[in-house]
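Below: the structure, in structure tokens.
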Amino acid sequence: MTVTGISSIFGRLFRHDKTHKCIIRTQPKTSVTHQILDHLEGGNISKAVSVLFASPEPVAYWLYERLFRSCSSKSLIVQARKVESHLLTFSPLPPIFLLNRAIEAYGKCGFVNDARELFEQMPERDGGSWNAVITACAQNNVPDEVFRTFRRMNRDGIRATETSFSGVLKSSGLILDLRLVRQLHCAVMKHGFSGNVDLETSIVDVYGKCRVMSDSRRVFDEIQNPSDVSWNVIVRRYLEMGDNDEAVVMFFKMLELNVRPLNHTVSSVILACSRSLALEVGMVVHAIAVKLDFVPDTIVSTSIFDMYVKCGRLERARKVFDQTESKDLKSWTSAMSGYAMSGMTREARELFDLMPERNIISWNAMLGGYVRASEWDEALDFLNLMRQEIEDIDNVTLVWILNVCSGKSDVQMGKQAHGYIYRHGYDTDVIVANALLDMYGKCGSLQSANVWFRVMSELRDEISWNALLTGLARVGRSEQAISFFEGMQLEAKPSKYTLATLLAGCANIPALNIGKATHGFLIRNGYEIDIVIRGAMVDMYSKCRCLDYAIEVFKEAATRDLILWNSIIRGCCRNGRSKEVFELFMLMEDEGVKPDHVTFLGILHACIREGHVELGFKYFSSMSTKYLILPQVEHYDCMVELYCKYGCLHQLEEFLLLMPFDPNIQMLSRIYGACQNYGWQKLGAWAAKRLNE
DNA sequence: GTAGGGTTAG
């Protein structure tokens, strides 16, 4: 034991001695003490504090301490302040440890300023005081103050303890400064805490939060006996990095070592399975969870439910939910929003209506479901209901409302929302502000979007730039988009999505030069040309009538997905190179990529151009027989065009008989025209009659 | 020491 350790024990003994004297000296007020104790034991802390506050005499120090601790555990700020006030009234120089308890209480209640003020006013402090104020700031997410205090503490020669480091590490998880984290890691080692599981776990956590999993994992592997929390942290960090596989691997390692997982760990692993759609592994983890008796755990069963929803196993999901015994507000909301965010608004609403209680988050989740599913009228109805049932809406509600305005292209409603946002001070919330910008862009009010973008000035971020850029590109104002793109680079780093938007903008006008410049920018700045960008480039070049470049870009792809194939196939059609479409289709099949309805639109258009009537019908039939794709109106449209254009009216008549729906106006007028051309009176008359109807 | 629910662009 260190010298300071011993002296502090003596200090405490000495203080107890004083406490003792205090009780003896104040014999008459033991009744006050008893009353306070009675109230504390009955859980009525407010009452206990009231009794204290009314007492014209001090009580024993140990009782003050108990009161502070009670206030901490129940977050009673007013009561904590009363206790401090009473204490200082009767003992202007109370023992340090008591004031430390007060600081802790203020911290737990979320009142950092009270904690700091008291700390600054203390005539004398011990290591505990420093720790108390650091912990208070750390708990309340005031990292700057934590570091300031920590540096001051070191300057004053106060030795950092485990508690100080745990506060500082927690704060460094908020600001994510890797250099700082490395320094702290060294400091922890230098102070001789290298065998301390808790601190090592914190270090694993902050490296992970800084997204440096190699270091995080190295520190983890060095821990002698990782605790359940250590395992929880490493699994969680892998999950958050998107490394779902490693999260699962670590979970199974933990089981091998016979460490019982925490409920949060099980929940993280299930989330990992759900995110990678690894249903089979997920079901194994589900079985493990059952075996380890986690079924009654709300957190675990909620994540199992969510996994089954995301993997499309609705019946299983519902079974898990119905079997969950203890459901709280969070698990109800989570389950309901699982449906809502997967587009199953009907199921979501069913749960929503069953919920025993709801808060703003539940309301927002349901509303978000309608918005995501583009069910605008349902969303509006729901908003009306919401207005009747709950008092307030918040920033999230506003974002969904703005989405409804965009969806309905209702700029009037959007402006009303803008007014509300302004009046209630939500205009400084960057997410709301960006949603507003997006709304103006999607409603085609580029003027308003521009104005608002300028008003946002200080607030705006990369998303704001992208939102405006998308708005401009959407209406084909690509020159303006590119000049914004130049402005953007002074403020924010364009993401690959920005560039994809820009390329789409070039494709629309079409603007080959800007498109080429964008291509060059991507290469010069070392952007990863992923499948999305590549698709945008193929599309841009083919729309700019530069098919050879498109083919070049297409060929360079290491992997090709359906969308990329579709882009090049449509590009060939668009540029009159229909013959190559059939070749491409064969290559696509060879690579094992399954065509979809878009692919077939391209093929049928190629048949129309090339006059392949028989082949066109063969492809059309193969859609349902070989590829199990239900032909849509557009495909029937193509077939009608094919038959009409080449005068195959016999086949057309047969085809029309098999068509599962009524011909639309476009088809009818095409048929009518063809019959006129080829003198096919009966069918022509029929088409004319239908047209008149 | 960690820790389950709703939020913006593409």
Side-chain angles (χ1 to χ4, degrees), chain A residues 138 162-163 165-167 169-170 173 196-206 208-209 223 226-237 240 262-268 270-271 297-306 327-338 340-341 348 355 358-369 371-372 394-403 406 426 429-439 441-442 460-471 473-474 492 494-505 532-533 536:
Chain A
E162 180 185 347
T163 314
F165 275 117
S166 97
L169 284 168
K170 184 180 163 68
N196 186 312
V197 185
D198 296 348
L199 288 183
E200 284 178 318
T201 301
S202 282
I203 295 171
V204 172
D205 192 40
V206 282
K209 281 182 177 156
I223 301 179
S227 66
D228 45 6
V229 177
S230 320
W231 286 101
N232 184 54
V233 165
I234 195 80
V235 168
R236 184 80 203 173
R237 297 279 73 92
E240 243 138 61
L262 296 170
N263 54 354
H264 281 103
T265 318
V266 180
S267 153
S268 296
I270 290 171
L271 192 58
D297 187 281
T298 321
I299 295 172
V300 171
S301 41
T302 304
S303 40
I304 295 174
F305 168 88
D306 192 62
K327 295 181 202 100
D328 61 7
L329 179 59
K330 278 188 179 181
S331 60
W332 272 99
T333 308
S334 169
M336 185 266 290
S337 81
M341 291 301 128
M355 285 175 78
R358 310 178 183 100
N359 63 5
I360 182 74
I361 295 185
S362 354
W363 282 91
N364 283 342
M366 188 62 238
L367 177 63
V371 173
R372 283 269 177 93
D394 69 0
N395 49 350
V396 179
T397 324
L398 284 166
V399 168
W400 291 129
I401 292 177
L402 289 168
N403 274 310
S406 320
Y426 286 112
D429 179 323
V430 70
I431 296 182
V432 175
N434 282 340
L436 196 52
L437 190 60
D438 176 56
M439 181 276 295
K442 284 197 175 128
R460 66 196 179 205
D461 61 3
E462 189 210 331
I463 292 178
S464 329
W465 284 94
N466 281 344
L468 187 60
L469 206 76
T470 310
R474 188 194 304 270
S495 70
K496 56 181 183 180
Y497 298 111
T498 318
L499 292 150
T501 308
L502 204 60
L503 286 168
V532 176
I533 298 276

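Here is the naming used below: chain letters follow the sequence lines, and residue numbers restart at 1 for every chain. What's counted below: heavy atoms across the whole structure, side chains too, no hydrogens, waters or symmetry copies. These figures come from a predicted structure and were not determined experimentally.
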Nearest-angstrom distance from the residue atom [atom1] of [X] to [atom2] of [N]:
X	N	atom1	atom2	value
A:L169	B:dT2	CG	C1'	14 Å
A:L262	B:dG1	CG	P	14 Å
A:N434	B:dT7	CG	C1'	11 Å
A:H264	B:dG5	NE2	P	9 Å
A:I360	B:dT7	CD1	P	13 Å
A:I431	B:dT7	CD1	P	10 Å
A:M336	B:dG5	CE	C1'	9 Å
A:R358	B:dG5	CZ	C1'	15 Å

Hey, does [X] reach any base, or is it just sugar-phosphate, or nothing, if we go heavy atoms under 4.0 Å?
X	result
A:T501	sugar-phosphate
A:T498	nothing
A:R474	sugar-phosphate
A:K442	sugar-phosphate
A:T265	nothing
A:L199	nothing
A:D205	sugar-phosphate
A:L436	nothing
A:N359	base
A:W400	sugar-phosphate

When you get a sec, tell me which of [options] is the closest nucleotide to the side chain of [X]?
X	options	result
A:I299	B:dG6, B:dG1, B:dG4	B:dG4
A:E462	B:dG5, B:dA9, B:dT2	B:dA9
A:M341	B:dG4, B:dG6, B:dA9	B:dG6
A:S267	B:dG5, B:dA9, B:dG4	B:dG4
A:V229	B:dG6, B:dG1, B:dG4	B:dG1
A:T201	B:dG4, B:dG5, B:dG1	B:dG1
A:V399	B:dG4, B:dA9, B:dT7	B:dT7
A:V197	B:dG1, B:dT7, B:dA3	B:dG1

Handout entry: Set of residues satisfying salt bridge (charged side-chain N to carboxylate O under 4.0 Å, His left out) with respect to A:D205, sequence neighbours excluded
Key = A:K209, A:R237
Exercise for the section: Would you please name every residue forming a salt bridge (charged side-chain N to carboxylate O under 4.0 Å, His left out) with A:K442, sequence neighbours left out? Expected result: A:D438
Can you tell me if [X] touches the phosphate of [N], counting only side-chain N or O atoms and a distance under 4.0 Å to OP1 or OP2?
X	N	answer
A:K330	B:dG6	no
A:R372	B:dT7	yes
A:R236	B:dG1	no

Would you state whether a donor and an acceptor, one from the side chain of [X] and one from the base of [N], lie under 3.5 Å apart?
X	N	answer
A:D328	B:dG4	yes
A:S227	B:dG1	yes
A:D394	B:dG6	yes

Treating [X] as the side-chain partner and [Y] as the backbone partner, does any N or O pair qualify as donor plus acceptor under 3.5 Å?
X	Y	result
A:T302	A:T298	yes
A:D198	A:T201	no
A:D461	A:S464	yes

Practice task
List the steps and the verdict of side chain to side chain donor-acceptor pair (under 3.5 Å) for A:S495 and A:E462.
Solution key: CA-CA 8 Å; A:S495 70; A:E462 189 210 331; 3.2 Å; yes
Practice task
Examine the side chains of A:D394 and A:T397 and answer whether a donor and an acceptor come within less than 3.5 Å of each other.
Solution key: yes
